[in-house]
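A quick write-up on the structure given underneath.
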Amino acid sequence: MPASAAELPKVARLRRPQPVLILFASLICIGIGQTLVFAVLPPAARNLGLSELQVGSIFTVSAVFWMVMSPFWGRRSDFWGRRPLILLGLGGYAVSMTAFAVCLQISLAGWLALLPTYLGLIAARAIYGLFGSAAMPAAQAYIADRTAPHQRSSQLALLGAAFAFGT
């Protein structure tokens, strides 16, 4: 019996759905977290006294970093490997969401002034854009590497659907 997945024939590796299911579940969670930020930040920001421009800039920072860094992480996944970058992306997501929640909570409790709150929320979302963006391109490459050519488009569509389902 082979000791690792690397020793399995390629066809056998393609039929092992567990890593792909874990990947899909992770992307669903990222989608859920992203939607929670969209739902929670505007009313919480209103309670804190942040302007609409400030709220928009918090969202914009993560979106710009995501857009700029995704191609970078996609190229890096060819050199560093798919799994390490998927884990980096998931870790970046977890750190950013934790920092975002902590910053928002201590600010709503009155323990943090408005400017540090604003900067903390921007920093948390910047972490998401900078490092959380590693997960999706590496996940797409992981799926492409492990599916037969005739199944590739449907599997990549399921990957996008997992994120959209979470959203």
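Heavy-atom basis, side chains included; hydrogens, waters and symmetry copies ignored.
- The nearest pair of heavy atoms linking Leu114 to Gly49 is CD2-O, 3.9 Å.
- Leu115 and Val102 are members of different hydrophobic clusters when ILVMFWY side chains are connected at heavy-atom separations under 4.5 Å.
- In the hydrophobic cluster analysis, where Ile, Leu, Val, Met, Phe, Trp and Tyr join through side-chain heavy atoms closer than 4.5 angstrom, Phe38 is grouped together with Val40.
- Here the side chains of Leu50 and Leu121 are in contact, with some heavy-atom distance below 4.5 Å.
- In this structure, the separation between CD on Gln54 and CD1 on Ile58 is 7.0 Å, given to the nearest 0.5 Å.
- Note that CG of Leu158 and CG of Leu23 are 11.0 Å apart. Values are rounded to the nearest 0.5 Å.
- Using a 4.5 Å cut-off between side-chain heavy atoms of Ile, Leu, Val, Met, Phe, Trp and Tyr, with links allowed through other members, Ile122 and Leu104 fall into the same hydrophobic cluster.
- For Arg76, there are no salt bridge (charged side-chain N to carboxylate O under 4.0 Å, His left out) partners two or more places apart in sequence or in a different chain.
- Taking a 6.0 Å sphere around CZ of Phe72, one finds it holds more than 12 heavy atoms contributed by other residues, nucleotides or ligands.
- Looking at Val95 and Thr98, their side chains never come closer than 4.5 Å, going by heavy atoms from C-beta outward.
- With values rounded to the nearest 0.5 angstrom, Ser26 atom OG is found 4.5 Å from Leu90 atom CG.
- Between Leu41 and Val55 there is a side-chain heavy-atom pair separated by less than 4.5 Å.
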Side chain to side chain contact (heavy atoms under 4.5 Å, CB included) between Ile106 and Thr117, worked out: CA-CA 9 Å; Ile106 62 174; Thr117 297; over 6 Å; no

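- Counting heavy atoms from C-beta outward, Gln155 and Phe24 have side chains that approach closer than 4.5 Å.
- Side-chain contact of Ser57 with Tyr118: a donor-acceptor pair under 3.5 Å is present, judged by distance alone.
- Contact annotation: the side chain of Leu156 approaches that of Arg152 to within less than 4.5 Å [non-hydrogen atoms, C-beta and beyond].
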Donor-acceptor pairs under 3.5 angstrom involving side-chain atoms of residues 125-144: please list them, not counting sequence neighbours.
from: Arg125; atom 1: NH1; to: Gln34; atom 2: OE1; distance (Å): 3.4
from: Arg125; atom 1: NH2; to: Gln34; atom 2: OE1; distance (Å): 3.1
from: Arg125; atom 1: NH2; to: Ser62; atom 2: OG; distance (Å): 3.2
from: Tyr128; atom 1: OH; to: Gln34; atom 2: OE1; distance (Å): 3.3
from: Ser133; atom 1: OG; to: Trp73; atom 2: NE1; distance (Å): 3.4
from: Ser133; atom 1: OG; to: Gly129; atom 2: O; distance (Å): 2.7
from: Ser133; atom 1: OG; to: Leu130; atom 2: O; distance (Å): 3.4
from: Tyr142; atom 1: OH; to: Arg83; atom 2: NH2; distance (Å): 3.2

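- Cluster membership check: Phe100 shares its hydrophobic cluster with Leu108, using side-chain heavy-atom separations under 4.5 Å among Ile, Leu, Val, Met, Phe, Trp and Tyr.
- Scanning all heavy atoms of the two residues, the minimum distance from Tyr93 to Gly33 falls at OH-CA, 3.2 Å.
- Ring geometry for Phe163 against Trp66 counts as tilted: the plane angle lies between 30° and 60°, on a 0 to 90° scale.
- Note that the CG atom of Leu119 and the CG atom of Leu112 stand 9.5 Å from one another [nearest 0.5 Å].
- To the nearest 0.5 angstrom, Leu88 atom CG is 11.5 Å from Ser77 atom OG.
- Under a hydrophobic clustering in which Ile, Leu, Val, Met, Phe, Trp and Tyr are joined whenever their side-chain heavy atoms come within less than 4.5 Å, directly or via other members, Leu48 and Leu53 fall into different clusters.
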